[in-house]
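Computed over heavy atoms, backbone and side chain alike; hydrogens, waters and symmetry mates excluded.
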Amino acid sequence: MKVNSLKIRILFWFGSVNAIVLILFSFAFYYFLKQNIHLKMQTRLYQQAKQIQDEISSAEALEQFMQKNMFQNFEVAIVKEGKIIDKSKNFILDNPAYYYRHADQFFMIKSEKYLKAVYVLTLKQPFEGKLIVTTHEINNMVEDVEDTLLTLEPILLLILLFLGSKLIDKILIPIKRITQTTKEISINHFSSTIPLPNEDDEIKALVISFNDMIQRLKEGVDNLDRFNSDVSHELKTPLTVIKGEIEITLRKLREPDAYIKSMQTISYEADQIEKIVEDLLLLTKYSKENIKQTFTVCHLDTIVLNTLEKYDIPLKEKHLNFKIEKLEPILTKANPLILGVIFSNLIDNAIKYTPEHKNITISLYRDNKIHFIIKDEGMGIPQDKLLKITDRFYRVDESRNKKIKGFGLGLAIVKNSVELHGGEIKIISDLDKGTTVHIVL
């Protein structure tokens with residue numbers, strides 16, 4: 001096991017905290033036990049001294065009391081001017097004059113194995129002097145407890161460390177699984193996930209987050225692979241045309257018109273490549289994390305009208321009947337550039353795929369959400385193609401719309417842009433009847 005491993009660090013702090021707690025507990029237990037024993041001894045000796053004082057009222061009574069020899073648990077003596085004038089037969093106390101002169105009333109005498117308590121009470125008249133009551137030597141239980149604690153503490157600390165080690169191992173199992181799974185993950189292998197623990201705790205949340213991350217990485221890699229495949233396919237065509245034009249043009253000297261025509265073809269294909277790159281950059285430029293930083297207060301109705309102005313000529317060329325059913329003034333926080341791209345792509349598609357002398361209708365209104373609806377009377381989309389229509393580079397049927405230029409990125413951009421704004425896109429279409437696109441923000 002590594003010295004700087006997480007388990008060792010946790011055990012170190014766990015052991016340190018437990019050692020401090022055990023030491024503090026032992027000191028507190030020892031102190032309060034000692035104080036409790038002293039208090040009980042002082043109370044018992046005080047009560048005995050008061051009882052003796054109440055029973056002796058004269059020298060004769062004192063003599064009779066001492067001769068009774070009733071002191072099984074106590075030793076008694078009368079001290080005057082530092083000298084013992086009377087005592088019980090079992091009284092044994094070194095230097096009683098010290099306790100006679102001292103201002104304190106209670107004393108504890110401690111030896112290695114025994115305790116002896118002393119209580120001094122000033123007698124009332126007719127006696128002059130002090131009554132000293134002591135206990136017999138009793139076993140020093142406090143010292144025994146201290147020895148027991150000193151023995152048990154290391155053993156208890158080792159037991160706690162052992163249990164802590166097992167508990168840490170159990171807690172770290174999911175983390176070890178995460179480590180093992182990360183070692184197995186590669187750019188071509190995202191199938192591994194970690195089994196969820198039974199307990200609904202932070203570890204389970206970590207495992208769920210990790211599995212979600214694996215899934216997102218897998219989807220990201222899949223999207224990247226598909227993206228690379230689509231990009232290479234879409235860019236291959238214009239690049240092939242450009243290369244072919246250059247090769248043909250360079251085979252022999254030609255008339256100036258041939259060179260001009262060749263350059264025009266190359267320029268057109270270069271524009272196509274540039275448009276693809278711009279669309280792809282727009283798809284990848286923003287994310288849910290950074291899009292909100294670009295939000296400003298904007299008028300959606302103004303953006304729609306400005307977008308429609310750009311398509312005035314294409315509408316007239318195809319003799320399309322354009323109708324605005326509803327256009328409410330709407331103020332909201334959004335990215336105005338992205339909204340313009342959404343409206344522009346939807347209007348452009350409607351114009352492209354709608355035959356001449358047909359109708360296009362739009363609506364913009366607000367209830368609890370914002371709605372933008374555009375409806376055309378174009379060629380429509382087959383039902384089995386609707387789910388794929390928003391995929392990048394997907395076009396329904398190249399044979400049906402060879403004359404209609406496009407790369408299949410428009411609706412992909414619209415869907416991505418709408419989702420970045422927390423909205424959704426709904427597409428309803430009937431083949432050869434038309435398509436309705438409903439944006440909800």
Side-chain angles (χ1 to χ4, degrees), residues 222-223 226-227 229-231 233-234 236-238 272 275-276 279-280 282-283 304 307-308 310-327 338-365 369-421 423-441:
D222 291 342
N223 290 335
R226 186 173 67 253
F227 177 77
S229 175
D230 293 340
V231 169
H233 177 268
E234 292 299 319
K236 186 176 181 180
T237 300
Q272 297 295 91
K275 183 65 171 64
I276 292 174
D279 289 345
L280 292 175
L282 185 61
L283 277 171
V304 171
T307 304
L308 287 174
K310 301 176 184 178
Y311 292 94
D312 185 56
I313 294 176
L315 286 169
K316 291 179 179 178
E317 287 179 349
K318 293 188 71 173
H319 307 287
L320 296 175
N321 300 316
F322 192 85
K323 180 181 178 183
I324 299 177
E325 283 192 346
K326 185 186 296 186
L327 186 65
I338 298 296
L339 290 179
V341 170
I342 293 173
F343 299 145
S344 179
N345 274 287
L346 293 178
I347 294 170
D348 184 66
N349 279 348
I351 295 173
K352 282 181 181 178
Y353 296 101
T354 302
E356 294 183 355
H357 305 289
K358 294 290 185 177
N359 301 311
I360 297 176
T361 305
I362 69 166
S363 298
L364 177 69
Y365 63 92
K369 295 183 178 181
I370 298 171
H371 301 265
F372 176 79
I373 302 172
I374 182 166
K375 182 177 180 181
D376 63 54
E377 296 178 353
M379 61 183 64
I381 305 168
Q383 294 300 313
D384 58 335
K385 309 294 185 182
L386 278 176
L387 294 178
K388 298 181 180 180
I389 195 65
T390 54
D391 292 349
R392 298 175 183 180
F393 298 110
Y394 182 82
R395 303 194 74 192
V396 175
D397 190 350
E398 294 288 352
S399 62
R400 297 177 65 228
N401 47 38
K402 288 182 179 180
K403 295 181 179 180
I404 302 175
K405 302 298 181 181
F407 312 109
L409 285 172
L411 285 178
I413 292 174
V414 170
K415 181 183 178 183
N416 183 68
S417 301
V418 169
E419 290 176 349
L420 287 176
H421 282 76
E424 59 179 329
I425 178 173
K426 302 175 183 179
I427 301 176
I428 303 172
S429 186
D430 291 323
L431 197 60
D432 298 322
K433 291 185 179 180
T435 300
T436 300
V437 180
H438 186 177
I439 302 297
V440 182
L441 299 175

Approximate separation, where rounding is to 0.5 Å, of Lys426 NZ and Ile373 CD1
9.0 Å
Atom CG of Asp430 and atom OG1 of Thr436: how far apart are they, to the nearest 0.5 Å?
8.0 Å
Heavy-atom closest pair, residues Leu441 and Leu339:
CD1-CD2, 4.0 Å
Can you see which heavy atom on Ile338 is nearest to which on His421, and at what distance?
CG2-CE1, 3.6 Å
Just wondering, are more than 12 heavy atoms of other shown residues or ligands nearer than 6.0 Å to NZ in Lys358?
no
Output the distance between atom OH (Tyr353) and atom OG1 (Thr435), rounded to the nearest 0.5 Å.
10.0 Å
Do you know which two heavy atoms are closest between Asp376 and Ile360, and how far apart they sit?
CB-CG1, 4.2 Å
Can you list the steps and then say if Phe322 with Ile362 is a side-chain contact (heavy atoms from CB on, under 4.5 Å)?
CA-CA 8 Å; Phe322 192 85; Ile362 69 166; 3.7 Å; yes
Measuring from atom CG of Leu364 to atom CZ of Phe343, what distance do you get when rounded to the nearest 0.5 angstrom?
6.0 Å
Stepwise, does the side-chain contact (heavy atoms from CB on, under 4.5 Å) test hold for Lys323 with Asn321?
CA-CA 7 Å; Lys323 180 181 178 183; Asn321 300 316; over 6 Å; no
Approximate separation, where rounding is to 0.5 Å, of Leu346 CG and Ser344 OG:
9.0 Å
What is the distance from atom CD1 of Ile374 to atom CD1 of Ile347, rounded to the nearest 0.5 Å?
5.0 Å
With Tyr365 via ring-ring contact (aromatic ring centres under 6.0 Å, His included) - residues at least two apart:
His371
Taking all atoms of both residues into account, what is the closest heavy-atom pair of Pro355 and Glu377, and its distance?
CD-O, 3.6 Å
Expected output: side-chain Lys318 to main-chain Thr354 donor-acceptor under 3.5 Å:
yes
Identify the heavy atoms of Ile381 and Ile427 that sit nearest to each other, and give their distance.
CD1-CG2, 4.5 Å
Show the numbers, then the answer: is there a side-chain contact (heavy atoms from CB on, under 4.5 Å) between Val414 and Asn349?
CA-CA 11 Å; Val414 170; Asn349 279 348; over 6 Å; no
